[in-house]
Chemist: 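A single structure is presented below for examination.
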Amino acid sequence: MRKSLTALASALLLSSVAVAQKVEFEEYTLDNGLHVVLHQDKSAPVVVTSVMYHVGAKDENPERTGFAHFFEHLLFEGTENIERGEWFKLVTSNGGHNNANTSDDRTYYYEVFPSNNLELAIWMESDRLLQPVINQIGVDTQNEVVKEEKRLRVDNQPYGNWITEVKKNLFKKHPYRWAPIGSMDHLDAATLEEFQAFNKKFYVPNNAVLVIAGDIEFAKTKDLVQKYFGVIKKGAAVPRVNIQEDAITKTIHATAYDANIQIPMYITAYRTPSMKTRDARVLDMISSYLSGGKSSPMQKKIVDEKKMALQLFAFNYAQEDYGMYLIAGLPMGDTTREALQTEIDAEITKLQTELISERDYQKLQNDFENRYVSQNSDLEGLAENLATNYLLYGDINLINEEIEIYRSITREEIRDVAKKYLQSNARLLLDYVPAKEDSAK
């Protein structure tokens with residue numbers, strides 16, 4: 001009886017949190033095309049001001065890869081009103097912090113300030129958009145910064161290039177075939193005029209969403225947005241990438257070498273549909289089922305019981321145009337690729353031919369309920385989720401409705417989606433192995 005009451009109390013608590021979790025917001029669009037989203041949260045005197053631009057690595061010239069990520073750095077160089085090197089000083093001296101990140105699909109900038117510095121944050125982001133200083137000294141400086149980042153985070157990092165190698169082999173036409181870090185040779189060859197043209201093309205208000213979340217008053221915030229962003233002229237319409245990949249009809253075998261590792265990584269990768277599809281959500285659940293937690297089939301059987309792998313994980317790498325479903329493992333001892341692949345395929349086949357148990361299904365539902373409850377508990381994460389849902393998913397209301405999609409996914413769908421996409425003749429088998437002397441790059 002006590003256990004039943006405890007379970008009931010937990011269920012009621014989760015239900016109440018989920019209801020309280022509903023995110024209220026206002027949205028509107030300025031005459032110049034900038035979409036604005038406002039969320040009020042007076043629980044702390046803090047405000048997040050962020051701008052997400054619909055430009056990522058996929059929007060680059062194949063001969064000039066790395067531009068989107070380069071701009072993530074370059075647009076901190078300064079503006080007509082903020083001198084070079086003063087951006088970060090201005091933020092920190094006013095009690096704030098800031099950052100930016102780039103993906104294949106978008107670039108995101110944000111500042112977090114005490115709420116009494118809201119106007120400062122709005123002005124800074126508007127000035128970055130209106131009149132950034134893009135000159136040769138800034139380009140040269142950030143070129144060295146990006147090169148050092150690539151050396152540190154990719155080239156000299158164990159397993160630092162494995163996603164890049166997957167993308168290169170899984171995509172032949174679509175610009176997802178290169179990584180956001182891009183090519184240093186391409187950046188070296190680029191002219192100042194090319195960087196300025198990239199800015200003019202993509203960094204325009206009609207290619208962005210502004211999200212302001214935190215301790216704000218709506219009327220005052222709208223006035224400030226109009227004051228600073230409303231004066232910026234609308235840019236030309238931004239063309240969107242529309243490149244279709246040919247279906248994979250037979251297994252792709254590839255090998256890549258890494259001088260920084262001693263243990264190989266065996267990767268199984270499938271090309272999957274857009275993040276906007278229902279099937280992408282089902283693949284999220286499949287990932288959680290296969291390798292999420294110690295009781296998951298791959299962890300329990302292959303890692304713990306059979307001790308064939310030091311580590312094994314599956315995840316759905318969802319993106320705007322296509323996704324990648326990835327399974328990667330580090331073999332234990334002298335376990336071969338073939339032996340490990342046989343065990344992985346056995347779990348996939350079981351998933352494709354049998355329904356998962358009701359118990360496992362309920363565990364999945366609980367897992368995604370917990371994610372829903374926690375994903376917007378942090379103000380910075382909430383602001384980014386609002387921007388992402390609007391800009392990439394085309395449905396900002398997903399911030400409140402996404403959980404209903406997961407709740408509605410059935411065991412039969414899990415089986416059928418696994419059968420549809422995780423096909424042995426439509427995948428990449430990549431051996432990511434230690435470099436030998438004659439294969440080291």
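Just so it is clear, the structure is predicted and the values come from calculations on it, not from any experiment.
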Chemist: State whether the side chain of T102 and the backbone N or O of T107 hold a donor-acceptor pair below 3.5 Å, judged by distance alone.
Modeler: no
Chemist: Judged by atom type as modelled, is there a donor-acceptor pair below 3.5 Å linking the side chain of T65 to the main-chain atoms of P62?
Modeler: no
Chemist: Are Y432 and D258 close enough that a side-chain donor and a side-chain acceptor fall under 3.5 Å?
Modeler: yes
Chemist: Side chains of V209 and L34: closer than 4.5 Å at any heavy-atom pair?
Modeler: no
Chemist: Determine, stepwise, if the pair I243 / Y176 fulfils side chain to side chain contact (heavy atoms under 4.5 Å, CB included).
Modeler: CA-CA 10 Å; I243 298 175; Y176 283 163; over 6 Å; no
Chemist: Could you note down all residue pairs passing salt bridge (charged side-chain N to carboxylate O under 4.0 Å, His left out) where residues 38-51 supplies at least one of them, sequence neighbours left out?
Modeler: K42-D215, K42-E217
Chemist: Between N425 and T251 (side chain of the first, backbone of the second, donor and acceptor by atom type, cut-off under 3.5 Å), is there such a pair?
Modeler: no
Chemist: Between M52 and T388, which heavy-atom pair has the shortest distance, and what is it?
Modeler: CE-OG1, 3.4 Å
Chemist: Can you name the salt bridge (charged side-chain N to carboxylate O under 4.0 Å, His left out) partners of E338, sequence neighbours left out?
Modeler: none
Chemist: Does anything in residues 379-401 pair up under salt bridge (charged side-chain N to carboxylate O under 4.0 Å, His left out), and if so which pairs, sequence neighbours excluded?
Modeler: R106-E384
Chemist: Taking the side chain as C-beta and beyond, is there a heavy-atom pair between V211 and L38 under 4.5 Å?
Modeler: no
Chemist: Considering residues at least two apart in sequence or located in another chain, which fulfil the side chain to side chain contact (heavy atoms under 4.5 Å, CB included) criterion with D59?
Modeler: V55, F202, R240, V241
Chemist: Quick one: which residue pairs count as a ring pair (Phe, Tyr, Trp, His ring centres under 6.0 Å) with a foot in residues 376-403, not counting sequence neighbours?
Modeler: H35-Y390
Chemist: List for me each residue that meets salt bridge (charged side-chain N to carboxylate O under 4.0 Å, His left out) alongside D345, sequence neighbours excluded, and say none if there are none.
Modeler: R427
Chemist: Report yes if the side chains of Y317 and Y325 come closer than 4.5 Å at any heavy-atom pair, otherwise no.
Modeler: no
Chemist: Can you see which heavy atom on I181 is nearest to which on H69, and at what distance?
Modeler: CD1-CE1, 3.5 Å
Chemist: With no hydrogens and no angle check, is any side-chain donor or acceptor of N161 less than 3.5 Å from a backbone partner on T164?
Modeler: no
Chemist: State, to 0.1 Å, how close N169 and A254 come at their nearest heavy-atom pair, and which atoms those are.
Modeler: OD1-CB, 3.5 Å
Chemist: Can you name the nearest heavy-atom pair linking A208 to V51, along with the distance?
Modeler: CB-CG1, 4.0 Å
Chemist: Would you call K147-D188 a salt bridge at under 4.0 Å N-O?
Modeler: yes
Chemist: Would you say N370's side chain and N366's backbone share a donor-acceptor pair under 3.5 angstrom?
Modeler: yes
Chemist: Has the side chain of N101 got a donor or acceptor atom that lies under 3.5 Å from a matching backbone atom of Y108?
Modeler: no
Chemist: Who passes salt bridge (charged side-chain N to carboxylate O under 4.0 Å, His left out) against D367, sequence neighbours left out?
Modeler: R371
Chemist: Between the side chain of H186 and the main-chain N/O of G66, is any donor-acceptor distance below 3.5 Å?
Modeler: no
Chemist: Going by salt bridge (charged side-chain N to carboxylate O under 4.0 Å, His left out), name the pairs with one or both residues in residues 82-103, residues two or more places apart or in two chains.
Modeler: E77-R84, E86-K89
Chemist: Could you check whether any side-chain N or O of S288 sits under 3.5 Å from a backbone N or O of M285, counting only pairs where one atom can act as donor and the other as acceptor?
Modeler: no
Chemist: Classify the side-chain pair R153/Q157 by whether it contains a donor and acceptor separated by less than 3.5 Å.
Modeler: no
Chemist: Has S274 got a side-chain atom pairing as donor or acceptor with E320's backbone, closer than 3.5 angstrom?
Modeler: yes
Chemist: Is it true that the side chains of E149 and H73 contain a donor and an acceptor less than 3.5 Å apart?
Modeler: yes
Chemist: Between Y228 and E119, is there a side-chain donor-acceptor contact under 3.5 Å, judged purely by atom types and distance?
Modeler: yes
Chemist: Within the distance-only criterion (no hydrogens, no angle test), does the side chain of N135 pair as donor or acceptor with the backbone N or O of G138 below 3.5 angstrom?
Modeler: yes
Chemist: For the residue pair T410 and R415, confirm or rule out a side-chain donor-acceptor distance under 3.5 Å.
Modeler: no
Chemist: For a quick test of reading the model, state the closest non-hydrogen atom pair linking Q352 to K419 and the distance between them.
Modeler: O-CE, 3.2 Å
Chemist: Would the Y421 and Y270 ring centres measure less than 6.0 Å apart?
Modeler: no
Chemist: Could you work out, with side chain to side chain contact (heavy atoms under 4.5 Å, CB included) as the rule, every residue matching N199, not counting sequence neighbours?
Modeler: F71, L75, P132, I134, Y203
Chemist: Any non-hydrogen side-chain atom of Q319 less than 4.5 Å from a side-chain atom of K58?
Modeler: no
Chemist: Could I get the full list of salt bridge (charged side-chain N to carboxylate O under 4.0 Å, His left out) partners for K220, not counting sequence neighbours?
Modeler: none
Chemist: Quick one: does P331's side chain get under 4.5 Å of Y266's, heavy atoms only?
Modeler: yes
Chemist: Taking only residues at least two apart or on different chains, which pairs with a member in residues 192-204 satisfy salt bridge (charged side-chain N to carboxylate O under 4.0 Å, His left out)?
Modeler: R64-E194
Chemist: What pairs with A57 under side chain to side chain contact (heavy atoms under 4.5 Å, CB included), at least two apart in sequence or on another chain?
Modeler: E60, D104, W178, P180
Chemist: Between R271 and E245, does any side-chain N to carboxylate O distance fall below 4.0 Å?
Modeler: yes
Chemist: Could you tell me if D431 and Y257 have a donor-acceptor pair between their side chains, going purely by distance under 3.5 Å?
Modeler: no
Chemist: Report the residue from V112, I212, L120 that forms a side chain to side chain contact (heavy atoms under 4.5 Å, CB included) with T49.
Modeler: I212
Chemist: Do L382 and D378 have side chains that get closer than 4.5 Å, going by heavy atoms?
Modeler: no
Chemist: Say you draw a straight line from OG1 of T272 to OH of Y322; how long is it, rounded to the nearest 0.5 Å?
Modeler: 10.5 Å
Chemist: Of the non-hydrogen atoms in Q136 and L192, which two are nearest, and what is the gap between them?
Modeler: OE1-CB, 3.4 Å
Chemist: When you compare the side chains of N156 and N260, does any donor N or O come within less than 3.5 Å of an acceptor on the partner?
Modeler: no
Chemist: Taking the six-membered ring of W87 as reference, does the cationic atom of R128 (NZ for Lys, CZ for Arg) lie under 6.0 Å from its centre and within 45° of its axis?
Modeler: yes
Chemist: Aromatic ring centroids of Y406 and Y372 under 6.0 Å?
Modeler: no
Chemist: Please tell me if the side chains of P297 and E347 come closer than 4.5 Å, counting only heavy atoms from C-beta onward.
Modeler: yes
Chemist: Quick check: do P264 and P434 have side-chain heavy atoms less than 4.5 Å from each other?
Modeler: yes
